[in-house]
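These numbers come from the heavy atoms of this one structure, side chains and all, not from hydrogens, waters or symmetry mates.
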Amino acid sequence: MAAQGVTSVLAVVLVIGAFVSIPTVQSIGVCYGVKGNNLPPRSEVVQLYKSKGINGMRIYYPDKEALNALRNSGIALILDVGGFDTVSYLAASSSNAAAWVRDNVRPYYPAVNIRYIAVGNEVEGGATNSILPAIRNVNSALASSGLGAIKASTAVKFDVISNSYPPSAGVFRDAYMKDIARYLASTGAPLLANVYPYFAYRGNPRDISLNYATFRPGTTVRDPNNGLTYTNLFDAMVDAVYAALEKAGAGNVKVVVSESGWPSAGGFGASVDNARAYNQGLIDHVGRGTPKRPGPLEAYIFAMFNENQKNGDPTEKNFGLSYPNKSPVYPIRFYYV
């Protein structure tokens with residue numbers, strides 16, 4: 001993955017079996033969820049990433065089989081600590097965090113290229129009070145183990161933002177997010193944000209056009225407060241997060257989009273054509289960044305596979321780029337250096 005500010009590098013495109021050299025920047029990863037009873041072995045999944053030129057992965061708990069398979073792969077990793085209970089455990093004491101780092105990070109790094117540790121994913125309710133203490137404890141444990149290059153953060157749902165239209169009006173809904181943002185500013189860690197134009201479109205198709213939500217041409221929206229113009233909803237949502245960070249006094253914190261995607265079946269607006277348009281559009285777009293923050297933006301598509309044991313809305317089972325047999329749900333190309 002390219003860090004912000006990295007210029008074009010020579011890359012190769014894999015598209016339906018054909019390789020073509022073009023200039024690009026690698027800033028796309030893919031989330032690897034395992035809520036399915038028919039998914040391939042972890043070692044085959046890592047090889048699938050490599051064969052498609054995907055240089056970033058997110059896993060949702062310290063999956064030892066996946067971590068071992070990632071050794072010496074070069075794939076950059078977002079490693080989630082696990083569920084809400086783990087966040088509370090890490091917040092409870094520095095010794096808990098030290099034990100967690102000892103067991104789940106030190107045995108793998110640097111052979112596994114762990115970039116970020118996500119201390120909680122879309123934490124809600126009273127558990128939000130544990131996020132910042134847990135991040136602090138994990139950071140201390142990383143530093144004392146000589147692993148300070150790994151950045152600890154948390155992954156948030158977009159609804160932590162209120163007043164997201166126009167983007168410049170974005171502000172954090174709750175005080176705890178302002179405290180987290182300021183702490184991340186002090187450590188140099190990014191804010192991990194799950195950004196889904198699909199859900200915004202599904203919730204308001206009257207005011208949000210499908211083309212605007214899926215990177216297709218046809219809609220331009222101007223922010224009256226700063227004059228910036230937007231041709232897609234993804235940029236508008238990410239810039240609302242940046243606006244909220246600025247208002248919290250954390251304007252130097254970068255955003256890493258830790259999840260984004262579009263379902264291919266199971267509900268309103270969920271189709272193969274729309275999913276392909278959105279995800280290919282995202283891959284093609286992130287190297288340019290957003291109107292407010294030009295330059296490569298790091299983003300992770302959700303997800304590698306359709307997962308037949310996901311709960312909730314039927315769309316949840318259909319966000320995959322691939323079927324469990326590793327065949328693509330639709331043609332899509334990735335870049336690799």
Side-chain angles (χ1 to χ4, degrees), residues 1 26-87 89-90 97 99-122 134 138 141-142 145 147 149-155 192 194 256-261 298-311 316-317 319-329 334 336:
M1 286 220 182
Q26 170 62 36
S27 50
I28 279 282
V30 177
C31 301
Y32 173 26
V34 294
K35 291 187 176 179
N37 60 9
N38 54 357
L39 299 177
R42 306 317 197 241
S43 58
E44 292 184 16
V45 174
V46 171
Q47 289 306 310
L48 180 64
Y49 273 67
K50 292 175 70 175
S51 72
K52 291 182 176 293
I54 302 167
N55 287 346
M57 179 187 288
R58 180 182 180 188
I59 61 176
Y60 289 88
Y61 65 96
D63 182 333
K64 289 180 169 47
E65 189 178 343
L67 287 164
N68 281 319
L70 284 164
R71 289 182 187 275
N72 303 311
S73 67
I75 294 172
L77 182 68
I78 298 179
L79 171 62
D80 280 52
V81 300
F84 296 172
D85 290 346
T86 306
V87 176
Y89 168 80
L90 294 169
W100 189 90
V101 168
R102 180 196 67 217
D103 294 342
N104 299 296
V105 181
R106 287 184 66 184
Y108 305 102
Y109 185 85
V112 179
N113 182 18
I114 302 170
R115 291 192 73 178
Y116 313 120
I117 293 176
V119 183
N121 181 53
E122 300 186 348
V138 169
L142 290 168
S145 298
L147 303 171
I150 301 171
K151 300 297 185 183
S153 183
T154 191
L192 308 176
N194 298 342
V256 168
V257 177
S258 44
E259 286 183 14
S260 191
E298 195 173 334
Y300 292 74
I301 294 174
F302 187 88
M304 178 51 81
F305 298 106
N306 285 342
E307 298 171 78
N308 65 0
Q309 293 180 320
K310 288 292 290 287
N311 297 322
E316 293 293 321
K317 295 179 171 67
F319 272 87
L321 300 174
S322 304
Y323 295 109
N325 66 3
K326 299 186 287 186
S327 66
V329 176
F334 290 92
Y336 72 98

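Side-chain N or O atoms of Glu307 include one that pairs as donor or acceptor with a backbone N or O of Val34 at under 3.5 Å. Asn113 places no side-chain N or O within 3.5 Å of a backbone atom of Ser73 that could act as its donor or acceptor partner. Judged by distance alone, with hydrogens and angles left aside, the side-chain atoms of Ser327 form no donor-acceptor pair with the main-chain N or O of Tyr323 at under 3.5 Å. Remark: side-chain polar atoms of Thr154 are paired, donor with acceptor, to backbone N or O of Val119 under 3.5 angstrom.
Each of Glu298, Lys151, Arg58 was compared with Tyr116 under the side chain to side chain donor-acceptor pair (under 3.5 Å) criterion, and only Glu298 meets it.
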Apply side chain to side chain contact (heavy atoms under 4.5 Å, CB included) to residues Ile28 and Ile54 and explain how you reach the verdict.
CA-CA 7 Å; Ile28 279 282; Ile54 302 167; 5.5 Å; no
Please report the C-alpha distance between Asn104 and Ile117 in whole Å, then the side-chain angles of each, then the deciding distance to 0.1 Å, and finally whether the side chain to side chain contact (heavy atoms under 4.5 Å, CB included) criterion is met.
CA-CA 11 Å; Asn104 299 296; Ile117 293 176; over 6 Å; no
Would you sort out whether Asn37 and Asn308 count as a side chain to side chain contact (heavy atoms under 4.5 Å, CB included), showing the intermediate values?
CA-CA 7 Å; Asn37 60 9; Asn308 65 0; 2.7 Å; yes
Working note: Ile114 + Leu77, criterion side chain to side chain contact (heavy atoms under 4.5 Å, CB included); need CA distance, chi angles, decisive distance, verdict.
CA-CA 5 Å; Ile114 302 170; Leu77 182 68; 4.1 Å; yes
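Closest approach of Cys31 and Ser258 over heavy atoms only: SG-O, 3.3 Å. Asn194 and Ala155 make their closest contact through OD1-CB, 4.2 Å (heavy atoms, listed as atom of the first residue, atom of the second, distance). Pairing each heavy atom of Leu39 with each of Asn306, the nearest pair is CD2-O, 4.0 Å. Contact detail for Pro62 and Trp100: the closest heavy-atom pair is CG-CZ2, 3.6 Å. The shortest heavy-atom contact between Ser322 and Leu48 is OG-CD2, 4.4 Å. Heavy-atom minimum distance, Val101 versus Ala141: CG2-CB, 3.6 Å.
More than 12 heavy atoms of other shown residues, nucleotides or ligands fall within 6.0 angstrom of atom CG in Asn325. Asp85 CG: 12 or fewer foreign heavy atoms inside a 6.0 Å radius. Within a 6.0 Å sphere centred on CZ of Arg106, other residues, nucleotides and ligands contribute 12 heavy atoms or fewer. Counted within 6.0 Å of NZ on Lys310, heavy atoms from surrounding residues, nucleotides or ligands total more than 12; the atom is thus considered enclosed.
Atom CZ of residue Arg102 and atom CG of residue Leu147 lie 13.5 Å apart, to the nearest 0.5 angstrom. The distance from atom CG of Asn311 to atom NZ of Lys35, rounded to the nearest 0.5 Å, is 6.5 Å. From Leu67, atom CG reaches atom CG of Leu79 across 6.0 Å, with rounding to the nearest 0.5 Å. To the nearest 0.5 Å, the span separating CD on Glu316 from CD on Gln309 amounts to 14.5 Å.
Residues Tyr32 and Phe305 meet the side-chain proximity criterion, which asks for heavy atoms closer than 4.5 Å. Contact check for Lys52 versus Leu321: no side-chain heavy atoms found under the 4.5 Å cut-off. Taking 4.5 Å as the limit, every side-chain heavy atom of Phe334 sits out of range of all side-chain heavy atoms of Asn55.
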